[in-house]
Amino acid sequence: MKKIAILVIALLIGGVTFSQKMLTREGEIKFDATVPGALDEVIGNNKTVSSIFDKTTGKLVVQGMVKSFKFKSPLMEEHFNENYMESDKFPKTSFDGKVLGYEGKAGSYDAEGDLTIHGVTNKVKTKVTVGNDGAKVTIAGSFTIKLSDYKIDVPALAKKTLAETSKINFKLALENK
C-alpha cells in the first residue's frame, strides 16, 4: 500500500513539474492608430498583459486592462480611456484562440481566435512567430483592425490624427510557473 501511495504522489508531482502551460504577466501589446503624415502619433503601449499558452494544444489566451495602455501625452491617454475605449464600461481586451499546428518547435504559425475589444468580439487570424528554448516560449505577431468593427467611433475632428484602422503588435514571453 505504501508503494502505491508513493507512486501516486510521484505521478502527481511529476505532472505539476512537467506542466505544459506557460504563463506571463508581462506581455506587451502596442497599437498604432496614427494617420500617415499626422503631426501627433497615436501609439499606446501596455506592458502588463497576462497570457496563458498550452504547449500541448496550442490554446492561447491573452488579456489586458485597457487603462494600462500608456501614451506620450496624458491628454491622449484620457481621451483614449474616456471617449474611445470607454474603459470604465469595457475594462478589458482579450484574445481567446489557438496557435494552429504548434508541436513544440520554433517557427512561423497561424493563430486564430476571438478578439474582444470595446465589448465587441470578432474572429481574427494572423501569422505569429514562436520561439522555444525549452524554458521559455515567445509568441509575437501583428495584425490590423478597423476601429468601426469594434464600435469605436472616430469623430470628424479627430480624423486628422486618429486613423480608422489600428495596427496591433504583441509580444509574449511565457514561462512555466
Side-chain angles (χ1 to χ4, degrees), residues 22-53 60-100 106-132 136-175:
M22 310 290 284
L23 172 72
T24 187
R25 288 189 178 94
E26 298 172 350
E28 183 174 354
I29 297 174
K30 177 181 175 183
F31 78 87
D32 185 346
T34 304
V35 171
L39 295 176
D40 290 329
E41 292 181 327
V42 181
I43 297 174
N45 201 358
N46 184 341
K47 294 184 179 183
T48 59
V49 176
S50 296
S51 181
I52 298 174
F53 178 60
L60 177 63
V61 178
V62 182
Q63 183 174 323
M65 300 303 291
V66 174
K67 285 188 177 181
S68 295
F69 281 93
K70 301 299 173 201
F71 296 80
K72 287 182 182 179
S73 158
L75 182 60
M76 193 176 292
E77 196 168 310
E78 182 180 326
H79 286 297
F80 172 79
N81 282 299
E82 292 178 11
N83 301 337
Y84 301 109
M85 295 298 289
E86 300 176 278
S87 57
D88 286 337
K89 189 174 178 182
F90 306 108
K92 298 175 189 172
T93 184
S94 65
F95 173 82
D96 186 350
K98 193 170 187 175
V99 177
L100 303 174
S108 180
Y109 297 89
D110 287 325
E112 66 180 17
D114 295 325
L115 178 64
T116 302
I117 299 173
H118 197 241
V120 178
T121 302
N122 288 306
K123 296 259 184 233
V124 295
K125 185 173 185 178
T126 190
K127 288 280 186 198
V128 295
T129 302
V130 179
N132 186 350
K136 271 190 182 177
V137 170
T138 57
I139 301 174
S142 66
F143 53 92
T144 301
I145 63 163
K146 287 183 180 179
L147 299 182
S148 61
D149 288 347
Y150 294 90
K151 296 185 181 176
I152 300 170
D153 296 320
V154 179
L157 290 174
K159 289 188 179 188
K160 291 181 181 178
T161 55
L162 180 62
E164 293 182 20
T165 61
S166 177
K167 183 168 184 179
I168 299 174
N169 296 299
F170 58 92
K171 185 174 183 183
L172 310 166
L174 301 120
E175 301 178 24

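On a predicted model such as this, the values are computed, not experimentally measured, just so you know.
Using modelled atom types, no side-chain atom of Ser68 and backbone atom of Asn46 make a donor-acceptor pair closer than 3.5 Å. For the pair Ser51 (side chain) and Val61 (backbone), a donor-acceptor distance under 3.5 Å is present. Using modelled atom types, one side-chain atom of Thr24 and one backbone atom of Ala173 make a donor-acceptor pair closer than 3.5 Å. For Thr116 (side chain) and Gly119 (main-chain N/O), no donor-acceptor pair under 3.5 Å exists by modelled atom type.
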Subject >> Residue pair Ile117, Met85: steps toward the side chain to side chain contact (heavy atoms under 4.5 Å, CB included) verdict >> reply: CA-CA 8 Å; Ile117 299 173; Met85 295 298 289; 3.5 Å; yes

Subject >> Stepwise side chain to side chain contact (heavy atoms under 4.5 Å, CB included) test for Val130 and Val128 >> reply: CA-CA 6 Å; Val130 179; Val128 295; 4.1 Å; yes

Subject >> Trace of the side chain to side chain contact (heavy atoms under 4.5 Å, CB included) decision for Asp114 with Phe95 >> reply: CA-CA 6 Å; Asp114 295 325; Phe95 173 82; over 6 Å; no

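Expressed to the nearest 0.5 Å, how far OG1 of Thr93 lies from CE of Met65 amounts to 10.5 Å. From Lys171, atom NZ reaches atom OG of Ser142 across 13.5 Å, with rounding to the nearest 0.5 Å. Note that NZ of Lys167 is 8.5 Å distant from CG of Asp32, once rounded to the nearest 0.5 Å. How far CG of Leu162 is from CG of Asp40: 11.0 Å, rounded to the nearest 0.5 Å. The line from CG of Leu172 to CG of Leu60 is 6.5 Å long, rounded to the nearest 0.5 Å. Atom NZ in Lys127 sits 5.0 Å away from atom OG in Ser108 (nearest 0.5 Å).
Taking the six-membered ring where the residue is Trp, the centroids of Phe31 and Phe69 are separated by under 6.0 Å.
Lys30 approaches Ile43 most closely through the heavy-atom pair CE-CG2, 3.6 Å. Closest approach of Val154 to Ala163, counting heavy atoms only: CG2-O, 4.0 Å. Across all non-hydrogen atoms, the minimal contact from Thr161 to Val42 is O-CG2, 3.1 Å. In this structure, Lys159 and Val35 approach most closely via the heavy-atom pair O-CG2, 3.5 Å. Of all the heavy atoms in Gly131 and Ala106, the pair that sits closest is CA-CB, 4.1 Å.
A salt bridge links Asp88 with Lys67: the closest approach of a Lys/Arg side-chain nitrogen to an acidic carboxylate oxygen falls below 4.0 angstrom. A salt bridge links Lys136 to Glu175: one of the charged nitrogens lies within less than 4.0 Å of a carboxylate oxygen. Lys72 has a carboxylate O that lies under 4.0 Å from a charged side-chain N of Glu41, or vice versa, which qualifies the two as a salt bridge. Salt bridge status for Glu77 with Lys70: present, with a side-chain N to carboxylate O gap under 4.0 Å. The existence of a salt bridge linking Glu112 and Lys98 is excluded, since no basic side-chain nitrogen approaches an acidic carboxylate oxygen closer than 4.0 Å.
No option in Leu23, Ile139, Ile52, Thr138 other than Ile139 meets the side-chain contact (heavy atoms from CB on, under 4.5 Å) test with Leu174. Paired with Leu115 under the rule side-chain contact (heavy atoms from CB on, under 4.5 Å), one option of Asp96, Thr121, Ile145, Asp149 passes, and it is Ile145. With His118 as the fixed residue, the ring pair (Phe, Tyr, Trp, His ring centres under 6.0 Å) test singles out one of Tyr150, Tyr84, Phe90, Phe80: Phe90.
Around the CG atom of Leu39, the shell of radius 6.0 Å holds no more than 12 heavy atoms that belong to other residues, nucleotides or ligands. No more than 12 heavy atoms of other residues, nucleotides or ligands lie within 6.0 Å of CD in Glu26, so this atom counts as exposed by the packing criterion.
Using a 4.5 Å heavy-atom cutoff, the side chains of Ile168 and Ile29 are in contact. Using a 4.5 Å cut-off on side-chain heavy atoms (C-beta onward), Ser50 and Val62 make no contact.
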